[in-house]
Amino acid sequence: MKEERILIVEDDVNISENIEEILQLLGYVNIDIANSANQAIKVVKKYRPDMVFMDIKLKGDKDGIELGEIIQQMVDAPIVYVTSYSDPAIIERAKRTHPAGFIVKPFNSNDIHAMVEIVLYNQRTRPTMVDHGGAAPEISPYLVTDAVFIKADNSFERVNYTDIYYVEANGNMVTIFTKNRNFTIRKSMKDMEEKLPSNLFLRVQKSFIVQLAQIENFNTKEITLKTNDVVPVGRQYYNSFLAKLNTITES
């Protein structure tokens, strides 16, 4: 009996049960199945799998590649993409998430057997990144790691990350709402995402980035900050946002 926990994310029940049956014949007993992005995120939060089989063409607002990127932020689990598509553009997108493997449907038991054994062996025997487990902390390329310097008038003004509440885009301009004053500058949201540390800030809508520590409460449509400001949540951003937070829900 093999103790590793494996998650299958597949919206076709025949395929998910086929993979599950093959894994069971190989001796794996801790197998979870999710048929949507939301369900997969809940399973990952609860069980923290050691490996994921991910269908690329999931139904819903996120495909398997987008979901794979979210899961990679949550757990250090290798992802194997399973798809009936061998389109070069899809493979190129999948490559950028550094998957552990790629299986094209229709597959057979030998395909699953070889993939799971190699992936889990590599996972067990690879060098650990840090002494006490978990991912290595992100190293900032900047000497000042707790603040950003924003140009205002003729000088750069220091703004601590903890003093930034949220960022709102309006055309090719963004407004940075902070504790002491607001800054409106010519900048794209993509540039702002790259400038603000991803462990403190998250884009939650096409035009909004929030500081996670400022969140007071939220639902599927909006976030209320400690300042009482209300920020909308984009449908395509909600799963990524939820994955960043430690939540407790009914079983």
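Counting from 1, the numbers follow the sequence of the chain as shown.
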Exercise. Would a distance-only check, ignoring hydrogens and angles, find a side-chain to backbone donor-acceptor pair under 3.5 Å from Arg93 to Pro88?
Worked result: no
Problem set entry | Asn172/Lys187 under side chain to side chain contact (heavy atoms under 4.5 Å, CB included): CA gap, chis, key distance, verdict | CA-CA 6 Å; Asn172 61 351; Lys187 208 75 173 170; over 6 Å; no
For this session: For Ala100 and Pro78, work out which heavy atoms get closest and say how close.
Result: CB-CB, 3.6 Å
Exercise. So, do Thr184 and Val174 sit near enough that their side-chain heavy atoms are less than 4.5 Å apart?
Worked result: no
Exercise. Cluster question for you: counting only ILVMFWY and a side-chain heavy-atom cut-off of under 4.5 Å, with indirect links fine, are Ile33 and Met115 together?
Worked result: yes
Seminar exercise, completed: Taken to the nearest 0.5 Å, the spacing of Thr175 OG1 from Asn182 CG works out to 7.0 Å
Seminar exercise, completed: Smallest heavy-atom separation, Lys57 atom then Asp11 atom, equals O-OD2, 3.6 Å
Exercise. To the nearest 0.5 Å, how far apart are NZ in Lys105 and CD1 in Ile56?
Worked result: 9.0 Å
Exercise. Would you say Ile8 and Asp32 make side-chain contact, with heavy atoms under 4.5 Å?
Worked result: no
Exercise. Transitively linked via ILVMFWY side-chain contacts under 4.5 Å: Leu212 with Val159?
Worked result: no
Exercise. When rounded to the nearest 0.5 angstrom, what distance separates CZ in Phe208 from CD in Glu168?
Worked result: 3.5 Å
For this session: Output the distance between atom CE (Met192) and atom NZ (Lys195), rounded to the nearest 0.5 Å.
Result: 9.5 Å
Problem set entry | Heavy-atom check, side chain of Asn14 versus side chain of Asn18, under 4.5 Å | no
Problem set entry | Arg181 to Phe183 six-membered ring, cation-pi geometry met (6.0 Å, 45°) | yes
Exercise. Between Phe177 and Tyr166, does the ring centre distance come in under 6.0 Å?
Worked result: yes
Exercise. Hey, are Asn122 and Arg124 close enough side-chain-wise for a donor-acceptor pair under 3.5 Å?
Worked result: no
Exercise. Ignoring hydrogens and geometry, is there a side-chain-to-backbone donor-acceptor pair from Asn160 to Ala147 under 3.5 Å?
Worked result: no
Exercise. Is a side-chain donor or acceptor of Lys206 paired with a backbone partner of Ala169 at a separation under 3.5 angstrom?
Worked result: no
Problem set entry | Side-chain ion pair, Glu193 and Arg203, N-O less than 4.0 Å | yes
Exercise. Is a side-chain donor-acceptor pair under 3.5 Å present for Lys59 with Ser36?
Worked result: no
Problem set entry | Ring center gap for Phe218 and Phe241 short of 6.0 angstrom | yes
Problem set entry | Path from Ile90 to Val104 over hydrophobic side-chain contacts below 4.5 Å | yes
Exercise. Would a 4.5 Å heavy-atom cut-off, applied to side chains only, mark Thr97 and Ile65 as touching?
Worked result: yes
For this session: Drop me the distance from Arg48's CZ to Leu7's CG, to the nearest 0.5 angstrom.
Result: 13.0 Å
Problem set entry | Nearest heavy atoms of Ala152 and Glu157, plus distance in Å | CB-OE1, 4.2 Å
Problem set entry | Check: Asn30 and Ile6 side chains under 4.5 Å, non-hydrogen atoms | no
Exercise. Is any side-chain heavy atom of Ser240 closer than 4.5 Å to a side-chain heavy atom of Leu202?
Worked result: yes
Exercise. Between Lys244 (side chain) and Met74 (backbone), is there a donor-acceptor pair under 3.5 Å?
Worked result: no
Exercise. So Ile223 and Leu225, side chain to side chain contact (heavy atoms under 4.5 Å, CB included) or not? Walk me through it.
Worked result: CA-CA 6 Å; Ile223 299 167; Leu225 304 180; 3.9 Å; yes
For this session: Check the pair Ile71, Met54 against side chain to side chain contact (heavy atoms under 4.5 Å, CB included), reporting the backbone distance first and the verdict last.
Result: CA-CA 11 Å; Ile71 290 176; Met54 176 73 71; 3.6 Å; yes
For this session: Look at atom NZ of Lys42 and say whether more than 12 heavy atoms of other residues, nucleotides or ligands are closer to it than 6.0 Å.
Result: no
Exercise. Checking side chain to side chain contact (heavy atoms under 4.5 Å, CB included) for the pair Glu10/Asn35: CA distance, chi angles, key distance, verdict?
Worked result: CA-CA 5 Å; Glu10 170 64 67; Asn35 59 20; over 6 Å; no
For this session: Please report the closest heavy-atom contact between Asn239 and Ala37, naming both atoms and the distance.
Result: ND2-CB, 3.7 Å
For this session: Decide whether Ile103 and Leu23 are clustered together by the hydrophobic rule: side chain heavy atoms of Ile, Leu, Val, Met, Phe, Trp, Tyr closer than 4.5 Å, transitively.
Result: yes
For this session: Would you confirm whether Asn170, through its side chain, and Met173, through its main-chain N or O, come within 3.5 Å as a donor-acceptor pair?
Result: no
Exercise. What are the two closest heavy atoms between Ile164 and Ile176, and how far apart are they?
Worked result: CG2-CG2, 3.9 Å
Exercise. Are Leu58 and Ile91 grouped together when hydrophobic residues (ILVMFWY) are joined by side-chain heavy atoms under 4.5 angstrom apart?
Worked result: yes
Exercise. How far apart are the closest heavy atoms of Ile22 and Ser109, and which atoms are they?
Worked result: CD1-CA, 3.7 Å
Problem set entry | Tyr161 side chain reached by Gln211 side chain, heavy atoms, under 4.5 Å | no
Problem set entry | NZ-CD1 distance between Lys46 and Ile41, expressed to the nearest 0.5 angstrom | 16.0 Å
With a 3.5 Å cut-off and sequence neighbours excluded, list the donor-acceptor pairs that the side chains of residues 227-238 form with protein atoms.
| residue | atom | partner | partner atom | Å |
| --- | --- | --- | --- | --- |
| Thr227 | OG1 | Asp229 | N | 3.4 |
| Thr227 | OG1 | Asp229 | OD2 | 2.5 |

Exercise. Just by modelled atom types, is the Val119 backbone N or O under 3.5 Å from a matching donor or acceptor in the Gln123 side chain?
Worked result: no
For this session: Enumerate the residue pairs fulfilling side chain to side chain donor-acceptor pair (under 3.5 Å) with a member in residues 110-121, sequence neighbours excluded, ordered by first and then second residue.
Result: Lys2-Glu117, Tyr28-Glu117
Exercise. So do the side chains of Thr83 and Phe102 get within less than 4.5 Å of each other, counting heavy atoms only?
Worked result: yes
